[in-house]
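Computation of the quantities below employed the complete heavy-atom set of this structure, encompassing side-chain atoms and omitting hydrogens, waters and symmetry-equivalent molecules. Throughout, a chain's letter reflects where its sequence line sits, starting with A, and its residues are numbered from 1.
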4 protein chains.
Amino acid sequence: MDEKNFNEYNQEEMTEKQIRILEAAIKVFSEKGFEGSRTSEIAKEAEVAEGTIFKYFRTKKDLLLSLLFPLSIKFLKPFVMKSAEEIIERGKDKPPDEVLRELLMDRLKLIKKNIPLIKTVAIESFYHDELLEPIKDKIAPQVINILDNYVDAHKDNGDFKDYDTRLISRSLMSMLMGYIVLSSILPEYFSLYDDEEEIKKIVDILLNGIKR
Amino acid sequence: MDEKNFNEYNQEEMTEKQIRILEAAIKVFSEKGFEGSRTSEIAKEAEVAEGTIFKYFRTKKDLLLSLLFPLSIKFLKPFVMKSAEEIIERGKDKPPDEVLRELLMDRLKLIKKNIPLIKTVAIESFYHDELLEPIKDKIAPQVINILDNYVDAHKDNGDFKDYDTRLISRSLMSMLMGYIVLSSILPEYFSLYDDEEEIKKIVDILLNGIKR
Amino acid sequence: MDEKNFNEYNQEEMTEKQIRILEAAIKVFSEKGFEGSRTSEIAKEAEVAEGTIFKYFRTKKDLLLSLLFPLSIKFLKPFVMKSAEEIIERGKDKPPDEVLRELLMDRLKLIKKNIPLIKTVAIESFYHDELLEPIKDKIAPQVINILDNYVDAHKDNGDFKDYDTRLISRSLMSMLMGYIVLSSILPEYFSLYDDEEEIKKIVDILLNGIKR
Amino acid sequence: MDEKNFNEYNQEEMTEKQIRILEAAIKVFSEKGFEGSRTSEIAKEAEVAEGTIFKYFRTKKDLLLSLLFPLSIKFLKPFVMKSAEEIIERGKDKPPDEVLRELLMDRLKLIKKNIPLIKTVAIESFYHDELLEPIKDKIAPQVINILDNYVDAHKDNGDFKDYDTRLISRSLMSMLMGYIVLSSILPEYFSLYDDEEEIKKIVDILLNGIKR
DNA sequence: TATGAATGAGTCTTCATTCAT
DNA sequence: CATGAATGAAGACTCATTCAT
């Protein structure tokens, strides 16, 4: 990274070895944290020599910042593709709860497939501004924009109440994140049903509230 | 810590210097992460010699584990004191939305006052089982128990629907956590109103949902 | 060392750098003692970076324990090779005093060439059981066995009196060690003649005693 | 010590606490070596506060050098008192082997009672010239002088052969030291009989040799 | 006089990074 | 390109020594 911003990586010029290193880094970083990880362990995990890492990534920090690339590839791309339009399009002939369930279920699966990557980027962004900035500037806007569009569409067609759009978007994210985080850290307390059932109840509460 | 479990620390046998070190550790750990923090910096922050840290805390890791003590003191004690009974008691002559607002507002203030401590313990518990265990065994049960009691009381008197108690508790936590985390990381997107107003809307959504 | 016992080192798999470190360690340890030595000084003496030491020897203690290898190589191997048989063989056509002189002279030269190594291992074995054990189990038995064989042969052919074999072996060692130690620490008192002459007199006393 | 030479200590101006510290130091030094010993452990052993040690001995090194005082008190004084004259006096009406046995037995007991002190001073004198010098200049001459006198007396009256006096003295020391050191380090090999019997055989060999 | 809390210089050891092969 | 031996700066931790009480 460094001078190049992470978009420049979008060219699929990554060698197989480079990808292996990046994936090893995701694994090790997510298990030990960035500072707690050793380049030697990443090298072993990637089955390359330690020196090879530094052929592709100038520093260990570079390796961390480069995680933004797989993050946007794996996470953002499908997010964007299955975009608001599509969801709303299909939503026209379905009740809003069903659409919302589909949407959250889809995101849940996507997140669960990429927990180590997301966990690492999320946590390390607290400590490294160089990581936080691109998230703020590139990734968050896209995610938020899609959610906002979805919410706006439902507000427009009268499905949702007239809350601030962003408040509703945040509520969706909160409920999904809360489920993922709490049920994974404290499964004995918070892992109640299977994902399908959980999402159903979450959507129910989100739409109708808990008050009788 | 060592052999004693953290409850044994409840005796206020801490010297002023020990407290200063612990507070410096909270500050530095929360800014740099545990592994990224230097004992030299903690010493400077606490205005003690580096060696003094190790008089009180045998290792740097010990210092981390000792954060469980202020966590339970600062965070759990008032949580327990303003207990379910009190809340429900006062709740009898008030509408449930007002009670819930008070409850969340109170927790929000408490959390916001202790962000660095909570952030550190939360994040580092991913990487240090010795930290996770006491949280799972001692702290989480107490917090969850109080919430559950509150929710059960409202279910019993017909205020809340008949969802699984734990699901409702989790929803309360999710919405509060989601607000705190998202509005602090991405304030330009998610810091919408002042805390008072935010809590009001969060409670409104929780109770009544977003569906028109 | 670690799990492997020191015999496994017998493969000459040592790099030149490893040997240089070991020799530097012998020098510095013998001058300052193990605890009084600094790894930084050993590194300088070996002309390697301090970190390099720890590539080959996991800890400073490991470096000490590894001295057993050169000790058995340099000291035991020739001891064993010029073995009892050879000495006795040659002894057949020579008077016993001449043979004993040759034997002690030979050992004296060997010891004097390796004073720093022997001194270090001897002294540090007081303080480190991991060092003492292999000496007791591997090295001492071999040395003693050779001496015993030599003594027994002379007892058998009537040269020596019928003392306990081990008593005679010990007397040989005592007289040699006593000479080496006393004449090196207090040369002004105990360095009387040259080695050749000293050994001659020592053998004379050992064989015939001091009583007129 | 430092400026004062160790004779100045001869004034029995030592407090009970000072003595306790010195004895604790002997114990700990002999078990761990000087550099391997901690002043904290010596303080605990002496049942005084750590700071108290430094009231009496300016530095840890001072504590080591001060061992010369008990060494000369405990070891030299009786050596000198039961002096050559006395031994020779009594020796007049006894055969020389009996006298030698008594002499060595007496020294053996004295040494065995003070092993930790002697071991420490002996070993540390390799590494600290400040310790070696007084030994060379004050202690060794006295011990050697007594031995020499004893040997000379026996040479004069025709008991001993006409070897160099110092050579005979050294042989006595070597045989005694060799027995003590070897039978304590490798008792399974070299601890053959009880002290009385050992000394008898040692004297026998010294006087008459091993040759038939 | 005796204490022991506090100090900080000094130690071993780790680990990201370099570079000759 | 890839390697991995070598580096040395930096870190956690120790411990002799000081000093206020």
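- Taking both residues in full, the closest heavy atoms of D:F34 and D:F29 are given as CD1-CZ, 3.6 Å, listed atom of the first, atom of the second, then distance.
- Evaluation of the side-chain hydrogen bond (donor to acceptor under 3.5 Å, both in side chains) rule for B:E41 yields B:K32 as partners, not counting sequence neighbours.
- Residues C:L22 and C:F57 have side chains in contact (heavy-atom distance under 4.5 Å, counting atoms from C-beta outward).
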Would you sketch DNA chain E in dot-bracket for me? Only Watson-Crick or G-U wobble pairs with both distances under 3.5 Å count, crossing pairs as [ ], other-strand pairs as |, the rest as dots. .||||||||||||||||||||

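- With sequence neighbours excluded, the residues satisfying side-chain contact (heavy atoms from CB on, under 4.5 Å) with B:S30 are B:P116, B:T120.
- With sequence neighbours excluded, the residues satisfying side-chain hydrogen bond (donor to acceptor under 3.5 Å, both in side chains) with B:R20 are B:E16.
- For D:I26 against D:L67, the heavy-atom pair with the smallest separation is CG1-CD2, 3.5 Å.
- In this structure A:K60 satisfies the side-chain hydrogen bond (donor to acceptor under 3.5 Å, both in side chains) test with no other residue, sequence neighbours excluded.
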If you look only at distance, which donor and acceptor atoms sit under 3.5 Å apart when one is on a side chain in residues 128-136 of chain D and the other is two or more places apart or in another chain?
{"residue": "D:H128", "atom": "NE2", "partner": "D:E124", "partner atom": "OE1", "Å": "3.4"}
{"residue": "D:E130", "atom": "OE2", "partner": "D:K61", "partner atom": "NZ", "Å": "2.8"}

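- Nearest heavy-atom pair across B:I42 and B:A25 is CG2-N, 3.9 Å.
- You can see that DNA chain F meets the heavy atoms of chain B within a 4.0 Å-exclusive cut from F:dG11 to F:dT14, reading 5' to 3'.
- One can place CD1 of A:I53 at 12 Å from C1' of E:dC15, the figure rounded to the nearest angstrom.
- Of the residues in residues 22-42 of chain D, those lying under 4.0 Å from DNA chain F by heavy-atom distance are D:S37, D:R38, D:T39.
- For E:dT13, neither phosphate oxygen OP1 nor OP2 lies less than 4.0 angstrom from any side-chain nitrogen or oxygen of C:K60.
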Which atom pairs, one a donor and one an acceptor, fall under 3.5 Å between side chains of residues 43-51 of chain C and the rest of the protein, sequence neighbours left out?
{"residue": "C:E50", "atom": "OE2", "partner": "C:T39", "partner atom": "OG1", "Å": "2.7"}
{"residue": "C:E50", "atom": "OE2", "partner": "C:S40", "partner atom": "N", "Å": "3.2"}

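- C:T15 comes within contact range of no nucleotide atom at all, as no heavy-atom separation falls under 4.0 Å.
- Here E:dT13 is the nucleotide among E:dT13, E:dT3, E:dA16 with the atom lying nearest to any side-chain atom of C:F54.
- The distance from atom CD of D:E50 to atom P of E:dT7 is 16 Å, rounded to the nearest whole Å.
- Not counting sequence neighbours, the partners of B:E31 by the side-chain contact (heavy atoms from CB on, under 4.5 Å) test are B:K27.
- Of the two residues near DNA chain E, C:K61 and A:K55, the one whose nearest nucleotide lies more 5' is C:K61.
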